[in-house]
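Right, one structure below, let's go through it.
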Amino acid sequence: MDEIKKKEAYQKGIAIIILLAILSVIEFTIGRLASTWWVPLMLIALVKAFFVVRDYMHIGRVFAGDEETH
Amino acid sequence: MTAQTIPLPKYLKKQVTNRMGLWLFILSDAFMFAGLLVARFYLLGVGSRPDVNTFLGVGVTSVLLLSSFFMNRAETAAAFGDRKKFERSTLVTFILGVLFLVGVVGVEWQIAPFGPGTNAAGSLFYAMTGFHAFHVLTGVIFLAIVYRNGRKGLYSAERHWPVEAAAVYWHFVDVVWIFFYPALYLIGKP
């Protein structure tokens, strides 16, 4: 059971970094092609930040009390 | 009484308070960075940006994102009691953090064709990257302490709050850069 949870946790970390890499490539391409498109660039930044805060910083733990340790 | 000797229920209760405190600190720190971001758009608008090297920008951004991945890996390893993986991943995060600092302060600051006093763009660039770099430096020191204590065997699967705190702080520094990167390197023309 613990092994499955462990594997899932590592896989989630990999999935998030792949997502961040894809978004960064899109962001860089937009920035090179149309540098005045600040709205999509900031939106991409918001999406990236959302995933980092939710999945890497585990903001949910703040509201979970001492029930969730990892 | 050390963290390893106090009863687990007490440790977990304390961890809840610690976690809240850390997040309140992060929230207050975020306002300072938000202020800098607002100043950048207020003073430069969306049509211009500092004359910086965009390829170096994407390089240091990749390094920081990758460091976040390894920090997450280190925290997961600590949470499951995988000491070797925790040590390796923390060390990689530390190295990537130093590499980021070298890229921004050691290279970008040296090759930038402007100084902090040249114009508003210059002032903003050095203020934003400087404040951020200071946070990265703090994070790197934090990582070094966590790595050293980890090697001494001070953390276990149940008791590794310092590792979680270091991870949350490190990811926060990454989140700040996620917004600073497009604001300084992509939006507007030099």
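In what follows, every heavy atom counts, from backbone to side chain, and hydrogens, waters and symmetry copies are set aside. Only a predicted model underlies this, so the values are computations on that prediction, with no experimental measurement involved. Letters go in sequence order (proteins before strands), and every chain restarts at 1.
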Roughly how far, to the nearest 0.5 Å, is [atom2] of [Y] from [atom1] of [X]?
{"X": "A/D55", "Y": "B/H171", "atom1": "CG", "atom2": "NE2", "result": "10.0 Å"}
{"X": "B/I178", "Y": "A/I44", "atom1": "CD1", "atom2": "CD1", "result": "12.0 Å"}
{"X": "A/L41", "Y": "B/I187", "atom1": "CG", "atom2": "CD1", "result": "5.0 Å"}

Quiz item: Using non-hydrogen atoms only, which part of A/I30 is less than 4.5 Å away from chain B: side chain, backbone, both, or neither?
Solution: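 Interface part for A/I30: neither.
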Quiz item: Checking heavy atoms, do the side chain of A/S24, its backbone, both or neither come under 4.5 Å from chain B?
Solution: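 The side chain, not the backbone.
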By a 4.5 Å heavy-atom criterion (distance strictly below it), what part of [X] contacts chain A: side chain, backbone, both, or neither?
{"X": "B/L22", "value": "neither"}
{"X": "B/A78", "value": "neither"}
{"X": "B/Y169", "value": "neither"}
{"X": "B/Y181", "value": "side chain"}

Quiz item: Can you find a pair of side-chain heavy atoms, one from B/F179 and one from A/L46, that are under 4.5 Å apart?
Solution: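 SC-SC contact between B/F179 and A/L46 confirmed.
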Self-check item: pair A/M57-B/I26: side-chain heavy atoms closer than 4.5 Å
Solution: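 Yes, side chains in contact.
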Quiz item: Which atom names give the shortest non-hydrogen contact between A/I17 and B/F69, and what distance separates them?
Solution: CG2-CD1, 3.6 Å
Practice problem: Measure across A/A9 and B/F80 and return the closest heavy-atom pair with its distance rounded to 0.1 Å. | Solution: CB-CE1, 4.1 Å
Exercise. Examine B/K85 relative to A/Y10 and say whether NZ or CZ is less than 6.0 Å from the centre of the six-membered ring and inside a 45° cone about the ring axis.
Key: yes
Quiz item: Can you tell me if CE on B/M32 sees more than 12 non-hydrogen neighbours from other groups inside 6.0 Å?
Solution: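 Counting other residues, nucleotides and ligands, CE of B/M32 exceeds 12 neighbours.
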Exercise. Name all pairs fulfilling the side-chain hydrogen bond (donor to acceptor under 3.5 Å, both in side chains) condition that reach into residues 69-84 of chain B, sequence neighbours left out, sorted by first residue then second.
Key: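 Of all non-adjacent pairs touching residues 69-84 of chain B, those that pass side-chain hydrogen bond (donor to acceptor under 3.5 Å, both in side chains) are A/R61-B/E75, B/R83-B/E87.
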